[in-house]
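Taking it in order: structure first as structure tokens, then the write-up.
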Amino acid sequence: MTWAQILGEWPLVEADLHEHYGIDLGDDRLLRSRSWRWLRLRILGLLSTESRLARVLLPQPDASASAGRPTARR
């Protein structure tokens, strides 16, 4: 996954940042007072939680595709 892919989903990033962290990206003072690293870590954090961004960029395997296939036994 690339930053181009993440930034290509900016409306999802913005909505998720607000929902999960309470970050309003419309607040210019907030963004000027924080580093790129601060924002980067929170955006990457969205990929490790149940978020819109994660659903789009990290889709789960289709459960119906694996239905009917035998499971491996140990």
Should Arg55 and Glu50 count as side-chain neighbours, where that means a heavy-atom distance under 4.5 Å? yes
Passing option when Asp27 is tested against Leu25, Leu31, Leu30 for side chain to side chain contact (heavy atoms under 4.5 Å, CB included): Leu30
Would you compute the distance between atom CG of Leu44 and atom CG of Leu39 and round it to the nearest 0.5 angstrom? 9.5 Å
Distance check, rounded to the nearest 0.5 Å: Leu58 atom CG versus Ser48 atom OG? 9.5 Å
Leu7 and Leu41: same hydrophobic cluster, using ILVMFWY side-chain contacts below 4.5 Å? no
Are Ile6 and Leu47 side-chain neighbours, meaning at least one heavy-atom pair lies under 4.5 Å? yes
Distance in Å, Glu19 CD paired with Leu12 CG, rounded so as to fall on 0.5 Å steps: 11.5 Å
If you look at every heavy atom in Ser51 and Leu46, which pair is closest and at what distance? OG-O, 2.6 Å
How far does CD1 of Ile43 sit from CH2 of Trp36, to the nearest 0.5 angstrom? 5.0 Å
Does Pro11 offer a backbone N or O that forms a donor-acceptor pair with the side chain of Glu14 under 3.5 Å? no
Taking side chain as C-beta onward, heavy atoms only, is Arg42 less than 4.5 Å from Leu17? yes
Between atom CG of Leu53 and atom CD of Glu9, what is the distance when rounded to the nearest 0.5 Å? 7.0 Å
